[in-house]
Amino acid sequence: MNVFRLVADLMHLASILILLLKIRKTRSAAGISFKSQLLYLIVFVTRYLDLFTHWVSLYNTAMKVFFIASSGYIVYQMQRRYRATWDPALDTFRIEFLLGGAAVMSLIFHTKFTFLELFWTYSIWLEAVAILPQLFQMSRTGEAETITAHYLFALGAYRGLYVVNWIYRYATEGYWEWIPFLAGMVQTVLYADFFYVYFSRVMRGKKFELP
Amino acid sequence: ASTQVWHDEL
C-alpha cells in the first residue's frame, strides 16, 4: 500500500458516499445515468469474484463488499424509490457496445485464460468506459448539479491516482500490469474534458456548465 | 502452485 493507492481508494469511497448523499438530500437521482451505475455494478461483481477464493486483507475484503453492496443498492434504489426522479429519455447511450467491446477486449488481451482472470480483465476494460453514458448524458443536458460534479470528480480521481500508483509501484517494487495501466489511462483521457470544466468552473464556485 | 493471477488491488 502506498499513499497514491490509499488516497485513490478513499476518493472512490468518498465518491459513493457523495452520490448516496446527493440522492438522499435532493430526494432525486436526476442527472445520474442509470446505465453508468448499472455498468459499475457489473464491474464490481465481475472483478471481485475472487472474494471467495483469495484473502488479501480485512481492508481489501471490506472495500470489495462495500463497492458491490453500494453499487447494487444504488441500482436497486434508482429502479424503485427514485424511479420517477430521473429521465430514461436522457440516458440513451448504447451500452451494448461497451459490454460487447469489453468482452472482445478481455478475450484478446488477458494474462491467463481462466474463469476468474477473464472476468477480472473484463471488469478492468469495462470500468475504463463505464462513465461514458454519464458523460454522454451531461453533454446532452449541458450541465450538472454541483454535488454530482463532486461525485464525478472523486470517481475520476480514483482511477487517475491508481495510474500514479502503478507508475510508483513499478519504480519501487518492479510490479507491473499493463492491462489495468492502459485501461486507467483510457478512463483518465475520457475524463479530460470533465476535469477541465471541473477545475475551471466548479472549483471556483460556479455551476458545472458545458461551453 | 496456483494458476490464478494474484490481484491485491481494488
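Numbers restart at 1 for each chain; the letters A, B, ... are given by sequence-line order, proteins then strands.
- From Leu118(A), atom CG reaches atom OG of Ser106(A) across 6.0 Å, with rounding to the nearest 0.5 Å.
- Here Arg169(A) pairs with Glu9(B) in a salt bridge; the nearest charged N to carboxylate O distance falls below 4.0 Å.
- Checked against the 6.0 Å centroid threshold, Trp166(A) and Tyr162(A) count as a close aromatic pair.
- Of the two parts of Asn60(A), the backbone and the side chain both hold a non-hydrogen atom closer than 4.5 Å to a non-hydrogen atom of chain B.
- Each of Phe194(A), Phe97(A), Phe93(A) was scored for a ring-ring contact (aromatic ring centres under 6.0 Å, His included) with Phe136(A), with one residue passing: Phe93(A).
- With a threshold of 4.5 angstrom between heavy atoms, Phe113(A) does not approach chain B through any atom at all.
- Most heavy-atom pairs under 4.5 Å with chain B, from the set Arg5(A), Met63(A), Lys64(A): that is Arg5(A).
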